[in-house]
Amino acid sequence: MAAGAVLPLAGVPLAIKDNMCVIGTRTTCASKILGDWVAPYTATAVERLLRAGALPLGKTNLDEFAMGSSCENSALATTHNPWDPTRVPGGSSGGSAAAVAAGEAVIALGSDTGGSIREPAAFCGVVGFKPTYGRVSRYGLIAFASSLDQIGPLSKSVEDAALVYDLMAGKDPCDATTVDRPVEATLGGFPKDLAGLRVGIVRDFALDRLEPDVRAVYEAAYGDLQRLGADLVEVALPTADYGVATYYLIAPAECSSNLARFDGMRYGLRAEGADVLETYERTRAAGFGNEVKRRILIGTHALSSGYYDAYYVRAQKARTLIAADFARAFEACDVIACPAAASPAFEFNAKSDPLAMYLMDYYTIPMSLAGVPSLSVPCGYVTPQGSDKPLPLGLELTAPLFAERLLIGVARAYESGTQHAAHRVPPVLEASAR
Amino acid sequence: MAEIDVAYVARLARIALTSEEVVQFGGQLEALLDHVAQLEALPTADVAATAAVIPSSNVMRDDVPVPSLARETVLSQAPRRQGNYFQVPRIITEE
């Protein structure tokens, strides 16, 4: 560190989701297949924060290869929700969300492919921000679904998320998908209220599908937006209902291709067989967990001869319609508000059926498919029957492509006008304060 | 009801499965395929496919050599190595 240098993150403890490379440290993706693999270089997003003075505290747990919504698919560790340890932290960036919620790290990095920053942020009562696709370099992020993956911050406040985003965003020669377009700073000059802002409420995400107590929190959140000066306008996303179906063809197809590199030849686990084919098959059988296998299988099927047009191409066309829905909606509104998840954090083993788990990302997947920036900000609490532990809920706010500054400003005005995150702290922090 | 030949797909994907796993994954993947069948209701006939929402093509850089990882760094994590080579199973068989 040079004398007199101004480091915006000097001494700030940073937790890093363990699918991002940090030179000289194990990077596991919470998978057995990487074994004791040590990263030989550092991810650009991490590097930019370290250069700004952040102190890397450690790596955080995730669903294996970021495939999951609860962290239960980690092959290496269990992460509990700091609000109620009998419940999951969400996923796949559950370790990062839990670390920030429990006060172990001030900021954390996550990656979001279909909701993997926003859903755990909602479950753990922190801010989780997925920028526009292509805004933050993925160099050094171990790929899951390359047309969707995006790195973003998890933090206690919108302001912290803005600070981290501003430092990370921008073109990187090492990631050809980063967009060569000036980054609009999001930090500072925050609006005091939402006067004149048109907030789109999605007709197709009717709140009457939710449990009454959850519904009441979101109705109150929409009321708060109005109280802060916003005009609520109804917008339609008629194809958003097809998001999960579209996503669970595109993401597995891309994952089946990306994960083909894990073959036991150059690094990681190798389970020897009688010949090269058997070595591949045994290595991948021993190294991947069930959810990763399921996604590789469905993706391989969707890309295979005879099924490619019926599954993969059809899903890509549906993606076009979903993105067009957002473009149309943003003609009538400035940002969209909706739940980040249909429920608060659930108990371990509550979603043993894979499809039930996939539907947890119902509200986050459409934004990922459209590539638009989206975040979750704490918006209230519900206490499940028979429990004395309040669980946080997240309001998901979404803006047009590259409108990060607008999005952060709205989230910040909502946050300071409601103070939900400041109202309560997780029981683990209450205990340590005593 | 959608069908998937799990044993065949697993061979394509280079994953060894037990017969129990073939049955278990088969049921789960067929349930997912039944769910994605709803896409057939969407009017996609005249719609272009989206591969990436922010289109880019042929991103080039200057053709100048830049340092890459040291050979020892790359080879040091090989499951098996022989000198400066990755040691891999034989891939050519005699007829």
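Small disclaimer: the values here were computed from a predicted structure and weren't measured. Scope of the values below: all heavy atoms of this structure, side chains included, with no hydrogens, waters or symmetry mates. Residue numbers begin at 1 in each chain, while the letters A, B, ... track the order of the sequences.
Side-chain atoms of A:M357 and A:N73, non-hydrogen and from C-beta on, never get closer than 4.5 Å to each other. With contacts defined as side-chain heavy-atom distances shorter than 4.5 Å, the pair A:S368/A:K130 qualifies.
Shortest non-hydrogen contact noted between A:A302 and A:Y311 is CB-CB, 3.9 Å. Closest non-hydrogen pair, A:K317 versus B:V47, comes out as CE-O, 3.2 Å. The minimum heavy-atom distance linking B:I4 with B:G26 is given by the pair CG2-O, 4.2 Å.
Per-residue heavy-atom pair counts under 4.5 Å with chain B were compared for A:T279, A:V276, A:I296, and the maximum is reached by A:V276. For chain B, the option among A:D36, A:T177, A:T246 with the highest count of heavy-atom pairs below 4.5 Å is A:T246. With chain A as partner, the option from B:E21, B:R80, B:R14, B:R90 having the largest number of non-hydrogen pairs under 4.5 angstrom is B:R14. The greatest number of non-hydrogen atom pairs below 4.5 Å with chain A, out of B:T73, B:V59, B:T44, is found for B:T44. Interface summary for chain A: among B:L32, B:L12, B:L69, B:I91, the most heavy-atom pairs under 4.5 angstrom belong to B:L32. Here A:N290 is the residue among A:D180, A:L269, A:N290 with the most heavy-atom pairs under 4.5 Å with chain B. Your options are B:V53, B:V6, B:L17, and the one with the most heavy-atom pairs under 4.5 Å with chain A is B:V53. Taking B:Q87, B:M60, B:E40, B:R61 one by one and counting their heavy-atom pairs under 4.5 Å with chain A, the maximum is reached by B:E40. Comparing B:D5, B:L75, B:T18, B:L42 by heavy-atom pairs within less than 4.5 Å of chain A, the highest count is held by B:L42.
Both the backbone and the side chain of A:L297 come within less than 4.5 Å of a heavy atom of chain B. Contacts between A:I250 and chain B at a heavy-atom distance below 4.5 Å are absent for every atom of the residue. Residue A:L359 touches chain B through its side chain alone, counting heavy-atom pairs closer than 4.5 Å. B:R81 does not touch chain A: none of its heavy atoms, backbone or side chain, sits under 4.5 Å away. If you measure heavy-atom distances from A:V38 to chain B, the contacts under 4.5 Å come from both the backbone and the side chain. Neither the backbone nor the side chain of A:S256 comes within contact range of chain B, judged by heavy atoms closer than 4.5 Å. Within the 4.5 angstrom heavy-atom criterion, only side-chain atoms of A:F402, from C-beta onward, approach chain B. Using a 4.5 Å cut-off between heavy atoms, A:D353 does not touch chain B at all. Of the atoms belonging to A:D263, not a single heavy atom falls under 4.5 Å from chain B. Using a 4.5 Å cut-off between heavy atoms, A:T132 contacts chain B through its side chain alone, with no backbone atom that close. Both the backbone and the side chain of B:A13 have a heavy atom closer than 4.5 Å to some heavy atom of chain A. Residue A:A370 touches chain B through its backbone alone, counting heavy-atom pairs closer than 4.5 Å. Of the atoms belonging to A:E272, it is side-chain heavy atoms, and not backbone ones, that fall under 4.5 Å from chain B. Only the side chain of A:P354 comes within contact range of chain B, with heavy atoms under 4.5 Å apart. At a 4.5 Å heavy-atom cutoff, A:Y312 makes no contact with chain B through either its backbone or its side chain.
Residues A:Y248 and B:H35 place their aromatic rings such that the two centres sit no closer than 6.0 Å.
Using a 30° and 60° split on the angle between ring planes, A:F262 and A:F288 fall in the perpendicular class, above 60°.
With values rounded to the nearest 0.5 angstrom, A:T239 atom OG1 is found 5.0 Å from A:I322 atom CD1.
Between the side chain of A:T113 and the main chain of A:L148, no donor-acceptor pair closer than 3.5 Å is present. Of the possible polar contacts, none joining the A:S257 side chain to the A:A253 backbone as a donor-acceptor pair under 3.5 Å is found. With hydrogens and angles ignored, the 3.5 Å screen pairs a side-chain donor or acceptor of A:R138 with a backbone N or O of A:S146.
Side-chain contact annotation: A:D149 with A:Y133, donor-acceptor N/O pair under 3.5 Å absent. Side chain to side chain, B:Q28 and A:R294 meet the donor-acceptor criterion of an N or O pair below 3.5 Å. A:S147 and A:R319 share a donor-acceptor pair across their side chains, judged by distance under 3.5 Å alone.
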